[in-house]
Structures are given as structure tokens and as C-alpha cells.
Amino acid sequence: MPSVTWGVVQGRKEKLVSRVIICDYLKGIGIVPDELEDLELPSTVEVMRERIEFLQKIGLTIDAINEYPLMLGCSVRKNIIPVLGYLEKIGIQRSKLGEFVKNYPQVLHASVVVELVPVVKFLRGLDVEKQDIGYVLMKYPELLGFKLEGTMSTSVAYLVSIGVNPRDIGPMVTQYPYFLGMRVGTMIKPLVDFLVSLGLPKKILARMFEKRAYILGYDFEETVKPNVECLISFGIRREALASVIAQYPQIIGLPLKAKLSTQQYFFNLKLKIDPDGFARVIERMPQIVSLNQNVIIKPVEFLLGRGIPAENVAKMVVKCPQLIALQVGLMKNSFYFFKSEMGRPMKELVEFPEYFTYSLESRIKPRYQKLQSKGIRCSLAWFLNCSNRRFEERLQGDYIEIESRGPLFCMGGKLELPGSEVVSDVEDESDDEVLYRHTVSL
């Protein structure tokens with residue numbers, strides 16, 4: 001009579017034989033089975049062939065399977081079909097399922113009800129639009145493997161604590177979902193603390209992150225700190241760093257040294273602006289580090305062609321860097337009006353190059369016509385560099401205010417006059433709000 005253990009031993013032998021046959025089959029089609037030693041495999045080659053053919057049908061190659069052979073332990077009916085069906089339901093196109101699985105094959109092991117559904121509900125709870133869920137997961141499929149009470153929750157909570165509007169978290173996730181996987185203590189907080197130490201208030205950082213969530217992904221040690229040090233080495237003053245970053249947040253994530261070196265050389269060669277002048281230009285309009293040199297040279301050539309000496313053009317650019325980002329066609333119209341209608345000396349343009357940055361039709365012409373009707377003679381800055389309300393007040397007055405040195409033009413921000421007087425069309429907003437209402441939209 002056979003012993004009690006005879007059936008068990010015989011079963012084990014059959015499994016071993018079956019395993020050897022399946023491994024031989026896998027080797028025959030190019031799959032390396034080494035990582036499958038501890039994995040329970042199907043009992044027959046036919047079942048394994050069905051799995052491989054199904055995976056190939058959705059777009060996976062043998063090479064892709066070799067990158068994560070553990071997917072061969074997933075049952076077509078119990079694992080693969082339910083998961084893929086749910087992914088398609090939440091917005092991932094059927095034609096993209098193979099790409100999704102290739103990027104995150106671990107999803108095939110997941111339970112739809114226990115693991116996938118809660119993550120999707122969490123994203124919806126953050127105000128990610130239903131139609132954007134598939135897009136977000138295609139960008140960052142690893143989200144489906146995160147624990148809700150872990151990194152995702154803490155990163156959101158921290159951002160809200162520094163002033164990010166909870167309603168903006170959803171759009172931030174859609175734009176840059178990777179911040180949900182960032183640890184607060186080692187990635188997000190060190191960046192925030194460093195930027196705050198440069199003079200950027202948390203409230204302002206919050207506005208920056210809302211508009212450009214990808215800033216959170218800049219490597220602090222490898223990119224952000226070196227870029228700030230680079231700015232200082234090129235002559236940007238420490239007290240101006242906060243303004244520079246506020247106006248152009250991307251500057252802390254660029255290959256900055258190469259860009260600054262190239263532009264500094266160009267400014268010195270073509271515009272006759274020395275390194276110190278270049279530093280002042282960057283402080284006032286940091287976007288210039290990324291501006292195409294063909295764009296820069298056209299307004300300069302226009303000004304030189306109007307008979308303005310090169311040294312004066314250089315002074316104009318340092319004082320108002322916006323000149324080199326203007327359309328030459330608009331500059332021509334404004335210059336024609338200045339010469340033919342206003343009949344003023346060129347010296348005034350050199351002293352107030354900001355003239356070209358104002359709209360000819362909506363500001364320059366109507367205000368000049370009002371001055372003419374009242375017989376008022378004043379400088380360009382006096383009637384242009386003020387809000388509509390202030391201009392009307394000046395017209396009503398029976399004297400002309402004593403003028404101070406020309407205004408300091410700050411790209412995207414307000415015109416700051418000496419004596420800390422700030423001129424803006426919106427005069428009742430806080431400095432922070434006005435600065436970032438303009439700068440963060442750039």
C-alpha cells in the first residue's frame with residue numbers, strides 16, 4: 001500500500017516537471033526565467049502561452065516582459081483583465097494600456113477595489129477633474145502604488161500650510177503630479193526654507209507653486225543652490241535675488257551658468273554693456289537669460305538706426321530691459337508719434353526709454369491729447385508713469401509736482417519711484433499680491 005505522503009511527493013514531482021517544461025518554453029521564446037524561481041507558475045504551458053499572448057496583444061514586447069518578468073505570475077482573468085478594464089474606465093485609452101503597463105507593470109498585481117479605487121478617489125478629492133485622471137496617471141503611474149496616508153497626504157498638507165489654495169492643488173497635480181511622491185522633510189521643505197531665506201515670503205512661494213508646480217521638482221542641491229550662487233557670481237545683488245526669482249521662477253532650474261555666460265558676452269560685444277550693466281539688466285528682467293539673441297538685436301538696431309548713439313542705447317537698455325523684447329513695428333509707431341506729433345528732443349527718450357513700453361493707442365495718445373487741450377508741458381514720465389486716477393488728479397491740479405529721478409522699471413511688476421512711492425493702476429492691493437499678480441503670470 002502506498003504511504004500517506006505518496007500523493008504529496010508525487011504532486012511535488014509533477015509541479016517540478018511542469019515548471020521545468022514552462023521554463024524551457026519561456027527560454028525558447030526569449031524570456032529569461034531566472035527571476036521566477038519563487039513565483040508560482042501556471043500548471044501548463046498552454047496557460048502561460050495565453051498570458052504572454054494577451055500581454056503581447058496589448059502592446060508589450062518580449063523585451064518589455066523581460067524587464068519585469070514577474071508579470072507572468074498574474075492570471076489573465078483574475079488580475080490582468082480586471083485591472084486593464086478599470087484603467088480604461090478611468091480614462092486611459094485602450095491603445096495606451098500597453099505603454100502604461102510597460103511603465104508601471106506592478107499595477108497588474110493590484111486589487112482594483114482595495115488599491116486602485118481609493119487612489120483615484122483621493123485624486124478626485126484633491127479636485128483633479130474626472131477627465132484628467134487618465135492624463136495624470138499616464139504621466140505618473142506610480143501614484144497607484146502609493147499609500148493614501150503616506151507621502152501624498154503629507155505633501156499636500158504641507159503645501160496648504162504655506163499658503164497654497166486647496167482649490168489649486170487639483171490643477172497642480174494635473175500639471176505636475178510628481179510632487180505627490182516627494183517627501184516633505186527631504187525634498188519640499190528644504191527648497192521652501194532656502195527660498196524664504198533669500199527673501200521670498202511663503203505667501204509668494206505659494207502663488208509660484210500654484211502656477212508652476214514643476215518648480216517643486218528642481219533638484220535643490222544639484223540645481224537650485226548652484227544657480228543662486230551663479231547669479232551672485234555674475235553680479236546680481238543678494239537683495240535683488242528674491243525679485244529675480246519672483247519675476248522668472250524658472251531661472252533656478254535652468255542650465256544657468258552657460259546661459260548667463262553666453263548672454264553676458266553678447267551684451268558686451270553687440271550692445272556695449274559691461275558686466276555690471278548686464279547684472280542690472282538681469283535684476284530688472286531675468287527672462288533675458290532665455291531670450292533669443294536675434295530677438296534682442298532687432299530693437300537695438302532700430303534705436304541705432306534712429307540716430308541714437310550706441311552708448312545711449314546701452315543706457316536705455318540697462319534702465320529699461322523691456323526694450324529688447326518689444327516688437328519693432330510697435331516701436332516704430334510710437335517713435336513716429338513722438339517725433340511728428342509731440343516734437344520732443346531725443347534726449348527725452350534716452351532719459352525715459354520706458355516710453356516705448358506703453359500702449360500708443362490706449363495711453364500715450366489719449367493722455368497727450370489731454371495735456372495739449374490744457375496747455376500743459378511736462379516730461380514723458382510725468383504723464384505716463386502713473387495710474388489713470390493719478391493722471392486725472394494731476395490734470396485737475398494747478399501745479400506740476402516736483403519730479404524726482406526717473407522710475408525704476410521692473411519687468412512684470414510695478415514702477416517703483418524713489419522714496420518708496422509705488423505707482424500702479426491697482427493702488428489698494430498689497431505689494432505681495434500686485435508683484436505676483438504680474439510676475440507669476442509671466
Side-chain angles (χ1 to χ4, degrees), residues 122-123 125-128 136 139-140 142-143 146-232 236-256 282-283 286-287 289 410 412-413 430-442:
F122 178 80
L123 294 175
L126 296 179
D127 276 347
V128 176
V136 168
K139 286 178 76 173
Y140 194 30
E142 290 85 353
L143 281 177
F146 289 167
K147 301 295 182 184
L148 302 188
E149 66 278 3
T151 306
M152 287 201 292
S153 294
T154 54
S155 59
V156 170
Y158 178 75
L159 290 172
V160 171
S161 76
I162 66 170
V164 172
N165 190 328
R167 291 188 176 184
D168 285 311
I169 293 291
M172 287 173 65
V173 171
T174 304
Q175 179 196 128
Y176 190 76
Y178 310 101
F179 76 84
L180 290 177
M182 295 178 182
R183 293 186 179 277
V184 170
T186 57
M187 297 185 74
I188 301 177
K189 190 173 183 297
L191 175 64
V192 170
D193 290 346
F194 179 71
L195 294 176
V196 168
S197 74
L198 298 177
L200 283 158
K202 287 184 178 179
K203 178 181 178 182
I204 304 312
L205 287 178
R207 301 292 85 78
M208 285 168 52
F209 294 151
E210 287 169 3
K211 298 294 183 182
R212 292 184 171 83
Y214 56 81
I215 293 171
L216 291 164
Y218 291 158
D219 189 288
F220 176 53
E221 294 292 343
E222 296 293 325
T223 306
V224 178
K225 283 178 72 175
N227 276 1
V228 169
E229 291 167 4
C230 180
L231 287 169
I232 294 171
I236 283 74
R237 296 166 297 177
R238 285 186 177 274
E239 59 269 26
L241 288 173
S243 173
V244 167
I245 295 170
Q247 293 179 72
Y248 190 44
Q250 299 96 309
I251 201 168
I252 60 174
L254 296 173
L256 193 56
I282 296 300
E283 287 178 0
Q287 292 85 350
V289 300
C410 185
S430 71
D431 287 349
D432 286 350
E433 284 298 324
V434 174
L435 176 62
Y436 283 90
R437 179 170 56 80
H438 291 298
T439 58
V440 89
S441 66
L442 294 171

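A donor-acceptor contact shorter than 3.5 Å links the side chain of Arg207 to the backbone of Gly163. Side-chain atoms of Ser153 come within 3.5 Å of backbone atoms of Leu148 as a donor-acceptor pair (strictly under, hydrogens ignored). A donor-acceptor pair under 3.5 Å links the side-chain atoms of Gln287 to the main chain of Gln247, judged by distance alone. Side-chain atoms of Gln175 never come within 3.5 Å of backbone atoms of Gly170 as a donor-acceptor pair (strictly under, hydrogens ignored). The main-chain N or O of Ala240 is never found under 3.5 Å from a side-chain atom of Ser243 such that the two would form a donor-acceptor pair. Judged by distance alone, the side chain of Tyr178 and the main-chain N or O of Lys139 form a donor-acceptor pair under 3.5 Å. Remark: side-chain polar atoms of Asn227 are paired, donor with acceptor, to backbone N or O of Leu254 under 3.5 angstrom. Glu283 contributes no side-chain N or O that, together with a main-chain N or O of Val244, makes up a donor-acceptor pair within less than 3.5 Å.
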CA sep, side-chain torsions, deciding dist, call: Phe209, Asp168, side chain to side chain contact (heavy atoms under 4.5 Å, CB included): CA-CA 9 Å; Phe209 294 151; Asp168 285 311; over 6 Å; no

Side chain to side chain contact (heavy atoms under 4.5 Å, CB included) evaluation trace for Tyr158 with Val192: CA-CA 10 Å; Tyr158 178 75; Val192 170; 3.6 Å; yes

Chi angles and distances behind the side chain to side chain contact (heavy atoms under 4.5 Å, CB included) call for Arg238, Leu198: CA-CA 8 Å; Arg238 285 186 177 274; Leu198 298 177; 5.6 Å; no

Stepwise side chain to side chain contact (heavy atoms under 4.5 Å, CB included) test for Met172 and Leu159: CA-CA 11 Å; Met172 287 173 65; Leu159 290 172; 4.1 Å; yes

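Salt-bridge annotation for Glu229 and Lys225: absent, with no side-chain N of the basic residue lying under 4.0 Å from a carboxylate O of the acidic one.
The distance from atom CD1 of Ile215 to atom CG of Leu195, rounded to the nearest 0.5 Å, is 8.5 Å. Distance check, rounded to the nearest 0.5 Å: OG1 of Thr174 to CD1 of Ile169 gives 11.0 Å. The OG1 atom of Thr223 sits 9.0 Å away from atom OH of Tyr218, with the distance rounded to the nearest 0.5 Å. For the atom pair Ile162 CD1 and Lys189 NZ, the distance stands at 10.5 Å (nearest 0.5 Å). Note that OG of Ser155 and CZ of Arg183 are 11.0 Å apart. Values are rounded to the nearest 0.5 Å. With rounding to the nearest 0.5 Å, the separation of CD1 in Ile282 from CG in Leu231 is 8.5 Å.
Annotation for Val164 and Ala206: closest pair N-CB, 3.5 Å, computed over non-hydrogen atoms. Nearest heavy atoms, Pro286 versus Ile251: CB-CD1, 3.9 Å.
At least one side-chain heavy atom of Ile204 sits under 4.5 Å from a side-chain heavy atom of Leu200. The side-chain heavy atoms of Pro177 and Leu143, taken from C-beta on, include a pair separated by under 4.5 Å. Annotation: side chain of Leu180 is in contact with side chain of Leu123 (closest heavy-atom distance under 4.5 Å).
Ring geometry, Phe194 versus Phe220: the interplanar angle exceeds 60°, so the pair is classed perpendicular (tilted spans 30 to 60°).
Applying the 6.0 Å contact sphere to CD of Glu222 captures no more than 12 heavy atoms from other residues, nucleotides or ligands.
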